[in-house]
Every structure is written in C-alpha cells, then in structure tokens.
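Data block below; observations after.
Just the heavy atoms: all of them, side chains too, but no hydrogens, waters or symmetry mates, feed the values below.
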Amino acid sequence: MSILLTGATGFLGSRLLYALLADEGHEVTALGRGTSAELRGRVVTCLTDLAGGPLPDAVLSRLHCLSGDVSRPRLGLPPAQYSRLAGRTTAIWHSAADISLSAPLCSLRETNVAGTERVLELAEYAGRGCRVTYVSTAFVAGRRRNGCIAETELDDTYGFETPYEQTKFESERLVRAWAGRHDRPVTVLRPSVLVSDSHPAEGLPQHPFAEMGRRSERSGTALFEGVSGRVRLPMVPGGTINAVQVEYAVRAMLRLAARAPDGPGAHTFHVVHPVDTPVRLILDAVESRHPGLRLEQVPRLTDPSAIESLAAAHLPGFLLRYGVQRRSYERSGIRTLAPDLTDPPPLDTAYVRAALGYEPATAHCHP
C-alpha cells in the first residue's frame, strides 16, 4: 500500500509510522509543516528514538516526507503536486490534531475540523480505492459520566469537558456524513489517554503522564519537595482515568484498520483499556516520591494554602476533567476483529511511577 499519514511527528503518529514502515512494510508519505527536508529530519529523529538506533536504509527508502498543512486548501500543496499525491495514495491515516485541552474553540476547529475536511477532500479526489482511517478520541462522549459508551454512539446531549472534545466530535460527525454521502468506508479509531512507561528523548513529543511528571518540577525543584502532611486537590474522590499503553494501542489500531468491514459507512472502534486506572493510584505514585506527603481528593477546594493553589495550577487537564467519569466503553470491535490481541495488563504503581518519569523505563517504547 501507499499510505499518506498526517501527524507523523506526534506521540501517536510517530509510533503508527514506525509500525507501518518496520512491521507492515508499506510505502508511507508523511505530510507535515516545514520544508520536506526539515520534516524528514524530525520524522527520522522520532523513528531513531523509537528503534533505539538508526533504521535500515531499506526501511527509510519507503519513507517520503511532504511539506504541507492539513488546515489549508489542497493541504497547502500546488495543484500538480496535489494531483500526484492523490494519484498514488491508496490509503490515508489521518492522525494530525491539536490536542490542547485549553486552546480556544476557533483555533482547534481550524486544525481538527477543517483539517479533517481537507483530508477527506483528498480521499475523494484519490478515488474509491483509497481507504480512510481517522484517529478520533474516546472522549467524544463529552460530559457523560456513567453507563457504557457504544462504539456506534456519537451524541452531544451531555456537552463537552473541553473544546478539544467538541472539535473531535464535530470531525467525527463530518467523517460520518462524508462516508454516507459518498458511499465509502471509513475506519474511526477512538483511543483513550495514551501512556507509556518509556520516555522519548528530550524535545520529542511526550505522553500525558510524562508531561504531568515534568509539570511537577519547578525551577529544578520538585513541586512537593520538602512538603509533608495533607495537601488537598480539587478532584472527586474515587475518580478513574481510562489510560491505555500506546504500544498496545498501535497494535490494536493496525489490526482494526486492516480488518475493518469494507462496506460503506463509518466503522468506529474504541481503543481503550479494559480496566480503568484509579486516580488514587496516580496520586499514590506521586506520594511515593515524597515521603510524608499525603494528597487528598476533595470535591471543592476552599481556602487553599499556597502549596494547594500551586498544585491545582500544575495538575494536567486530563486528570482534573476526566477523573470525574465513571463510564465504560464498548470494546466489541477489538474482541471481534482482533481476538489474537492479548489485553494489556492493568496499570500498577510501578508502571505509573515509570510513566511519570520517577523510575527508569522498564522497556523501550517500541510499538
């Protein structure tokens, strides 16, 4: 296959690219910003870090890098180049997205919604033989707190925790409408929070747990360094996070994309962990780094101390916003299409400590 991949320099996108090149043997064109040479430099740096060393020339020869921008008409490409790209592309993986939980809705729409529309325009131009795989998020379920989210469900009744979720919801709705209008199949993949107990090199995209570990460092001193006793945090007691190992997620995504039905319409699959991770487990990992510290979850933080105000300001959005949910996610797609894929083990304290950067990685982050 000749695949166009967007988002190849992102945390997930780089791992998808690595697997498509090294494990699947496809020709892959990575579309991204900067000159083609600059983009290739960033992509190869990511791949080298994942592989633990340079990839063979035979693998890199199947990697092509193309300067472009998903938010611009024709992906920012001249007409002739756009036509050539469409002519040789047999599959599209659209992974590029602005994943900020705090960016304004208008800027997120520019990348996430308009970008998806531009990619679908290319898929239409490429013809019916071009299969689209769209990377969404499990959090399109928005503020719904309870129950099991069906893979066929796409509902904005409950509203959204963040503008990011809203734009991914709007993008999924766009994908569904396009698939129906053109009588084409699209595979929609909905991962939850992606984590790893290994860390990319400095300067490369990190996963949310690693970012949380880094946020707890201020001016070279740990946020809770020397702090003992109770520190209250504005979190609902008993909250959980659905976090799934990125290595498992990549394997699942490749299988689902390869085995998804060929019939028209959007075929949607959750790529989530079968076992939620208690927020308390994450806080325990932080406490283990600071003997004497006791982090307490409280629904509301009134009259905060200086350290409590500082801690609340440094808590990542995914922990504050998604730690209030009690819902589960249907996983029938993985069970049906990838029965050979073993479920990932639950995240434990040792894994979370490594994911936060408190301990050395237990394994390299090979997909």
*Partners meeting side chain to side chain donor-acceptor pair (under 3.5 Å) with D284 (sequence neighbours left out)*: R280

*Partners of D276 by salt bridge (Lys or Arg N to Asp or Glu O under 4.0 Å), sequence neighbours excluded?*
none

*Would you kindly confirm whether F160 and V188 end up in one hydrophobic cluster when ILVMFWY residues are joined by side chain heavy atoms under 4.5 Å apart?*
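F160 does not cluster with V188.
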
*asked:* Applying a strict under-4.5 Å side-chain criterion to I, L, V, M, F, W and Y, I'd like to know whether L341 and V246 cluster together.
replied: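 Per the 4.5 Å side-chain linkage, L341 and V246 are co-clustered.
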
For the residue pair [X] and [Y], what are the closest heavy atoms and their distance?
X    : Y    : value
L21  : V59  : CB-CG1, 3.9 Å
L194 : A249 : CD2-CB, 3.6 Å
V132 : A123 : CG2-CB, 3.5 Å
A126 : T89  : CB-O, 4.2 Å
G333 : E151 : N-OE1, 3.2 Å
L20  : R62  : O-NH1, 4.4 Å

*Would you call E121 and R118 a salt bridge, using N to O less than 4.0 angstrom?*
yes

*Give a yes or no on whether a salt bridge exists between R144 and D155, defined as a side-chain N under 4.0 angstrom from a carboxylate O.*
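Salt bridge flag = no for D155 with R144.
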
*May I ask you to decide if the ring planes of H270 and Y329 are parallel, tilted or perpendicular, using 30° and 60° as cut-offs?*
perpendicular

Counting C-beta onward and ignoring hydrogens, is there a side-chain heavy-atom pair between [X] and [Y] closer than 4.5 Å?
X    : Y    : value
E308 : V231 : yes
L301 : L233 : no
L154 : F169 : yes
E172 : Y134 : yes
T133 : L256 : no
R128 : P264 : no
R331 : V272 : yes
V227 : H290 : no

*In this structure, are over 12 heavy atoms from other groups packed under 6.0 Å from D340 atom CG?*
yes

*More than 12 heavy atoms of other groups within 6.0 Å of L295 CG*: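 Counting other residues, nucleotides and ligands, CG of L295 exceeds 12 neighbours.
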
_Under the criterion side chain to side chain donor-acceptor pair (under 3.5 Å), I'd like the reasoning laid out for E165 against T137: C-alpha separation, chi angles, the key distance, then a yes or no._
CA-CA 8 Å; E165 296 171 357; T137 172; over 6 Å; no

*Just by distance, do the side chain of H267 and the backbone of A257 share a donor-acceptor pair under 3.5 Å?*
no

*Taking only residues at least two apart or on different chains, which pairs with a member in residues 64-75 satisfy side-chain hydrogen bond (donor to acceptor under 3.5 Å, both in side chains)?*
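Every side-chain hydrogen bond (donor to acceptor under 3.5 Å, both in side chains) pair that includes a residue of residues 64-75, provided the two are not neighbours, is E27-H64, R33-D69, D69-S71.
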
